[in-house]
Amino acid sequence: MQQMVLSAFTAISSSLSASTTHQPRRWRRRRIRGQVRSAQEPAKLKYNKLGDSDLLISEITLGTMTFGEQSSEKESHDMLSYSFDQGINILDTAEIYPIQPRKETQGRTDLYIGRWMKSRPRDKVILATKISGYSDRTFLRDNAEVVRVDAANIKESVEKSLSRLSTDYIDLLHIHWPDRYVALYGEFSYNSTKWRPSVPFEDQLKALQELIDEGKFVQAAKLQGLPKIVSIENGYSLLVRCSFEVDLVEVCHPNNCNVGLLAYSPLGSGVLTGKYLDASSGNAKSFRLNLFPGYMQRYNSPLAQEATKEYIKVAKKHGLTPVQLALGFVRDRPFTASTIIGATTMDQLKENIDAFTRAPRPLPPQVVDDIETIFKRYRDPAVL
């Protein structure tokens, strides 16, 4: 950051000295100081239209899956307030939150958010939530042998979410994972033995249409018979790129389906910060992957750690922090509508937001070239 400020100061002062040689020295000094202050001020967040909807969302989405497990209600409210004061206007939750999912805590994240939202104008908050896919976590439903994505499950899920969130409508609704079997969460290939009958897509869309008709789900796109898919929420980071870039990026193109990506785990569940490289650090036990053994460990595999070390070298080489490099990469991708950031402390949250507002925009070509060099050696090291 000091290098950036210095170069900006040099350019400004050189320009001013050439163009204000006949001005009083005191005026020139004030003008230069004012210009330097503006150069140090962080840039404001950008806002993007989400797919074909009328939603204008901030380039950062606040993820909330730690609220109610790793973060207390006060900490959660403080982070919500700070985020929205910085210009973030969309938050992402899910009926299954907080993580790790447990019957005793399920829905607590929504309750925290709902109590916070009472202090904010509802129309200023874009609220996104998610219906769980096929699951044996029957505690999500009142009476179910298995959780499905059919009309009854969708309706029960949304009704309960509305109650917990203390609101009468949802702005953006995702299906958290599919009803059908697909390779998910680090699986490398499709396992045909896991095939199962699934709820037809048409039935899922019809159920969502009923919610729209009831006014419980606000879909701002122009509807043509059934709800238009406007966004997709996928893991995307320096450690996980191929599956999205090869299989899904096409649907994000404005001339194709114009679906906006909400990228989750842009820091590889925190691994790309480098904090997991030192297992002996004093607060390592409080890190999520250490608190919940087995959870998202793909991001911390030996190969992923190797790649992380290389990316951290690139960040250091170019005067960036690891967080600035990782979040800047996802931020600058042409198909990214918004990046979902999460935090368990205010310091983490501020560092993540600052990576958008204080880091170079876009990342310089030399940085991108170095990223691609590493990518050629470590293609998706977090995919098992």
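FYI, the numbering just counts along the sequence from 1.
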Compute both the distance and the angle, then confirm whether Arg241 meets the cation-pi test with Phe375: under 6.0 Å from the six-membered ring centre, within 45 degrees of the axis.
yes

Salt bridge flag under 4.0 Å for residues [X] and [Y]:
X: Asp92; Y: Lys130; value: yes
X: Arg115; Y: Glu73; value: yes
X: Arg122; Y: Asp171; value: yes

Can you confirm whether the side chains of [X] and [Y] place a donor and an acceptor under 3.5 Å from each other?
X: Gln348; Y: Thr344; value: yes
X: Gln305; Y: Asn300; value: yes
X: Asn191; Y: Glu187; value: no

Begin with the C-alpha distance, continue with both residues' side-chain angles, and end with the deciding distance and a verdict on side chain to side chain contact (heavy atoms under 4.5 Å, CB included) for Leu127 and Leu91.
CA-CA 6 Å; Leu127 179 59; Leu91 60 89; 3.3 Å; yes

Under 6.0 Å from the [atom1] atom of [X], do we count more than 12 heavy atoms belonging to anything else shown?
X: Glu145; atom1: CD; result: no
X: Phe201; atom1: CZ; result: no
X: Glu250; atom1: CD; result: no
X: Asn143; atom1: CG; result: no

Mind checking whether Arg102 and Glu69 have side chains closer than 4.5 Å, heavy atoms only?
yes

Matching residue for Ile96 among Pro101, Ser135, Ser157 - test: side chain to side chain contact (heavy atoms under 4.5 Å, CB included)
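Only match with Ile96 under side chain to side chain contact (heavy atoms under 4.5 Å, CB included): Pro101.
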
Checking Leu162, Ile170, Leu172 against Thr129 for side chain to side chain contact (heavy atoms under 4.5 Å, CB included), the one that qualifies is Ile170

Which residues satisfy the salt bridge (Lys or Arg N to Asp or Glu O under 4.0 Å) test with Arg148, sequence neighbours excluded?
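Salt bridge (Lys or Arg N to Asp or Glu O under 4.0 Å) list for Arg148, sorted by chain: Asp179.
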
Trp116/Phe67 aromatic ring centres below 6.0 Å
no

In this structure, which one of Arg361, Lys49, Arg333, Lys44 forms a salt bridge (Lys or Arg N to Asp or Glu O under 4.0 Å) with Glu59?
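Testing each of Arg361, Lys49, Arg333, Lys44 against Glu59, the sole residue satisfying salt bridge (Lys or Arg N to Asp or Glu O under 4.0 Å) is Arg361.
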
Between Phe335 and Phe244, how do the two ring planes meet: parallel, tilted or perpendicular, split at 30° and 60°?
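Taking Phe244 first and then Phe335, their aromatic rings sit tilted (interplane angle of 30° to 60°).
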
Can you tell me how the ring of Phe329 sits relative to the ring of Tyr236, calling it parallel under 30°, perpendicular over 60° and tilted otherwise?
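Judged by the thresholds at 30° and 60°, the geometry between Phe329 and Tyr236 is parallel.
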
Out of curiosity, Ile99 CD1 to Gln106 CD, how far, rounded to the nearest 0.5 Å?
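Ile99 CD1 to Gln106 CD: 10.5 Å, rounded to 0.5 Å.
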
